[in-house]
A.B. asks: 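First the structure, which I've put down as structure tokens, then a few questions once you've had a look.
Any value given below was found using the heavy atoms of this structure, including those in side chains, with hydrogens, waters and symmetry copies removed.
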Protein chains: 2
Amino acid sequence: MSKKQLIMESALELFAQQGFDATSVQQITEHAGISKGAFYLSFKSKDELINGLIDHFMLSLISDIDQVVKNHEMDANLLYEFYQAAFHSFQKHSDFAKIFIKEQSKTLNEELISKIHQYDKLIDNIILGMLDRIYGEEISQTRYDLIYCVKGFIHTYSHLILFFDVPLDLHTLSRSLAEKTALLAKHSETTFITEELYHTINEPFHMHITKEQLLELIEQKIEEVEDSTLKESLTLLKLQMIEPSLSPAIVKGLILNLNNHPACKQIAYLIQDSLNND
Amino acid sequence: MSKKQLIMESALELFAQQGFDATSVQQITEHAGISKGAFYLSFKSKDELINGLIDHFMLSLISDIDQVVKNHEMDANLLYEFYQAAFHSFQKHSDFAKIFIKEQSKTLNEELISKIHQYDKLIDNIILGMLDRIYGEEISQTRYDLIYCVKGFIHTYSHLILFFDVPLDLHTLSRSLAEKTALLAKHSETTFITEELYHTINEPFHMHITKEQLLELIEQKIEEVEDSTLKESLTLLKLQMIEPSLSPAIVKGLILNLNNHPACKQIAYLIQDSLNND
DNA sequence: TTGACAAATGACCAATCAGTCATTAGTATA
DNA sequence: TATACTAATGACTGATTGGTCATTTGTCAA
């Protein structure tokens with residue numbers, strides 16, 4: 001096991017018990033049987049460790065669920081399989097799940113909050129995709145409400161799994177929640193979360209990103225993308241942000257270039273937002 | 001406004017923004033426009049302040065909801081009124097509600113955790129009383145599951161109210177959740193949380209109780225109960241705990257005596273648990 | 001055995017924290 | 001005005017934190 005993994009596992013355990021703030025780097029290194037200096041050879045800071053943990057386990061959790069939802073063919077049992085996957089993944093990574101449930105809305109640094117928000121949106125999309133696949137047009141009025149209900153179910157019942165040492169029958173739980181979800185999907189009629197409300201809420205970053213952070217994000221994206229049009233568009237927009245020189249029409253066109261590529265939609269939104277605010 | 005109130009209001013605001021740990025006493029006193037010394041004239045410690053805040057607002061929240069549930073006569077709209085009361089109370093005390101949602105399962109000191117657990121049980125009882133009143137025997141198989149669903153609904157939708165600056169129509173939300181709750185109550189059939197499971201989970205102290213504490217509890221219970229069978233059973237079981245002498249069958253029967261009386265179920269569980277661990 | 005390099009250490013630092021207490025300011029009574 | 005009292009202050013303490021870095025240890029090839 002690499003040193004990084006050793007630290008991550010030790011930290012995870014302590015974080016689950018005590019939370020991020022209450023766990024010191026000292027404690028982590030003692031628990032891992034290494035020195036404090038050795039910690040900082042593997043991670044630049046405590047924040048980087050926390051970030052790494054969240055990335056690692058969130059992606060694992062999401063891919064666990066996504067795989068089940070994407071690969072399962074019998075749509076009749078899909079809801080049941082979804083809940084099974086979710087709860088088993090929670091049980092498998094119970095230390096991380098505890099952190100996720102406990103600290104998901106705690107006051108962390110800006111970067112972490114937006115990261116968690118991103119993952120939350122990913123989960124939303126998986127759930128929405130599943131619901132649409134099962135019920136199609138039938139739930140057009142209640143699909144966003146259903147996402148919230150499903151997440152609410154998972155949240156409350158997770159407490160039982162994570163914080164009590166009681167043997168639980170996850171099969172019955174999943175069956176029970178699948179039944180409840182189906183009931184709501186088929187018979188619930190009142191819309192509370194409209195499409196408009198849902199998108200208003202999920203506007204990324206909204207106002208919380210600085211120009212400097214955005215410039216850095218663009219820089220990263222330039223390295224990341226392969227398409228030369230995208231590279232060029234990003235570079236020009238970066239310059240425009242630093243020193244405006246291009247005509248509005250050109251800027252609009254460049255942003256359109258980005259929007260044509262799914263991986264750049266988010267950054268396109270951010271750039272447009274930033275340029276509009278100048 | 002008394003100094004205590006001034007401090008509590010200042011602290012509440014900062015706690016809601018930053019959490020308990022991240023808010024220093026210094027910050028609170030600066031925000032309240034007083035000196036650090038003055039803070040410690042009103043509160044013995046930061047913990048005492050936190051305790052006071054939770055007591056004050058939890059009781060307020062609970063009495064808000066309880067009053068509505070207890071006084072409302074038209075049972076047809078009771079669910080709607082319940083959700084209305086809950087969400088309006090959340091909106092009224094949004095700073096406290098934020099703390100409650102954020103930090104309810106965070107790692108705090110033992111005292112706070114059990115305090116919050118107590119309040120959570122109070123809320124459970126309000127919800128359970130309401131559901132029983134509306135649906136009676138109809139939900140005998142699903143009443144504990146329904147509690148969890150109702151709490152799940154409130155939790156997820158609270159995020160919208162508390163963490164996004166969007167004008168929301170609480171009337172529609174309450175109507176929508178009342179509809180959903182009614183659907184689940186009338187048509188959901190699968191039991192996951194059995195009476196036994198529910199009581200196991202809500203068993204206070206669970207494992208944290210020593211034999212000596214339990215003996216004291218039994219002593220109290222002996223004084224408390226009237227029925228002579230119960231008195232005798234408790235006395236015999238107490239002696240058995242100190243010096244085992246009875247056959248397993250007799251012990252089992254004595255515990256059964258206790259279980260027949262609702263007020264003794266809890267202590268029966270604790271005694272059984274303790275005897276099994278010997 | 002030597003020397004060169006990387007891996008690992010833990011004493012140390014500046015910052016921050018909750019909580020204390022000698023001192024001062026304010027106020028009421030004589 | 002003088003005295004006696006409480007209310008309020010903020011510099012201070014000791015403990016703890018995240019993070020650094022001069023030093024030591026371990027491990028190679030020559």
A.B. asks: Does A:F87 have any ring pair (Phe, Tyr, Trp, His ring centres under 6.0 Å) partners at least two apart in sequence or in another chain, and if so, which?
C.D. replies: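 If we apply the ring pair (Phe, Tyr, Trp, His ring centres under 6.0 Å) test to A:F87, skipping adjacent residues, there are no hits.
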A.B. asks: We want to know whether A:D124 and A:Y198 form a side-chain donor-acceptor pair, criterion being a heavy-atom distance below 3.5 angstrom.
C.D. replies: yes
A.B. asks: Below 3.5 Å between N/O atoms, which protein atoms pair up with nucleotides 8-10 of chain C? Just atom names and distances, please.
C.D. replies:
{"from": "C:dA8", "atom 1": "OP1", "to": "A:K3", "atom 2": "NZ", "distance (Å)": "3.2"}
{"from": "C:dT9", "atom 1": "OP2", "to": "A:S35", "atom 2": "N", "distance (Å)": "3.0"}
{"from": "C:dT9", "atom 1": "OP2", "to": "A:S35", "atom 2": "OG", "distance (Å)": "2.8"}
{"from": "C:dT9", "atom 1": "O5'", "to": "A:S35", "atom 2": "OG", "distance (Å)": "3.2"}
{"from": "C:dG10", "atom 1": "O6", "to": "A:G37", "atom 2": "N", "distance (Å)": "3.4"}

A.B. asks: Indicate yes or no for a side-chain donor-acceptor contact from A:K3 to the backbone of A:L41 under 3.5 Å, with no hydrogens or angles considered.
C.D. replies: no
A.B. asks: Give a yes or no answer on whether the side chain of B:H155 reaches the backbone of B:K151 with a donor-acceptor pair at less than 3.5 Å.
C.D. replies: no
A.B. asks: Tell me if the aromatic rings of B:F153 and B:Y157 count as close, with their centers under 6.0 Å from one another.
C.D. replies: no
A.B. asks: Within the 4.0 Å heavy-atom criterion, would you say A:T23 contacts the bases, only the backbone, or no part of the nucleic acid?
C.D. replies: sugar-phosphate
A.B. asks: Tell me the interatomic distance from A:F20, atom CZ, to D:dG18, atom P, rounded to whole angstroms.
C.D. replies: 13 Å
A.B. asks: Does a donor on one side chain sit under 3.5 Å from an acceptor on the other, for B:S60 and B:H93?
C.D. replies: yes
A.B. asks: In this structure, how many angstroms lie between the C1' atom of D:dG10 and the CD atom of B:E30, rounded?
C.D. replies: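 To the nearest whole Å, that distance equals 11 Å.
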A.B. asks: Do you know the tightest heavy-atom contact between B:T23 and B:Q18?
C.D. replies: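 Where B:T23 meets B:Q18 most closely, the heavy atoms are OG1-OE1, 3.1 Å.
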A.B. asks: Please state how far atom CG in A:L6 lies from atom C1' in C:dA7, giving the value in whole angstrom units.
C.D. replies: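 That distance rounds to 15 Å.
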A.B. asks: Could you tell me whether the side chain of A:D120 and the main chain of A:I116 form a donor-acceptor pair under 3.5 Å?
C.D. replies: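 A pair under 3.5 Å: no.
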A.B. asks: Could you state the OH-C1' distance from B:Y40 to D:dG10, rounded to the nearest angstrom?
C.D. replies: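 The answer, rounded to whole Å, is 13 Å.
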A.B. asks: Between protein and nucleotides 23-28 of chain C, what N or O pairs are separated by less than 3.5 Å?
C.D. replies:
none

A.B. asks: Could you tell me how far apart B:D21 (CG) and D:dT16 (P) are, to the nearest whole angstrom?
C.D. replies: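 Answer to the nearest Å: 15 Å.
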A.B. asks: Taking atom C1' of D:dA15 as reference, at what distance in whole Å does atom CD of A:Q26 sit?
C.D. replies: 13 Å
A.B. asks: Check whether A:Q240 reaches the backbone of A:S245 with its side chain - one donor and one acceptor, N or O, closer than 3.5 Å.
C.D. replies: yes
A.B. asks: How close or far is atom C1' of D:dT20 from atom NZ of A:K44, stated in whole angstroms?
C.D. replies: 15 Å
A.B. asks: Rounded to whole angstroms, how far apart are CD1 on B:I7 and P on C:dA18?
C.D. replies: 14 Å
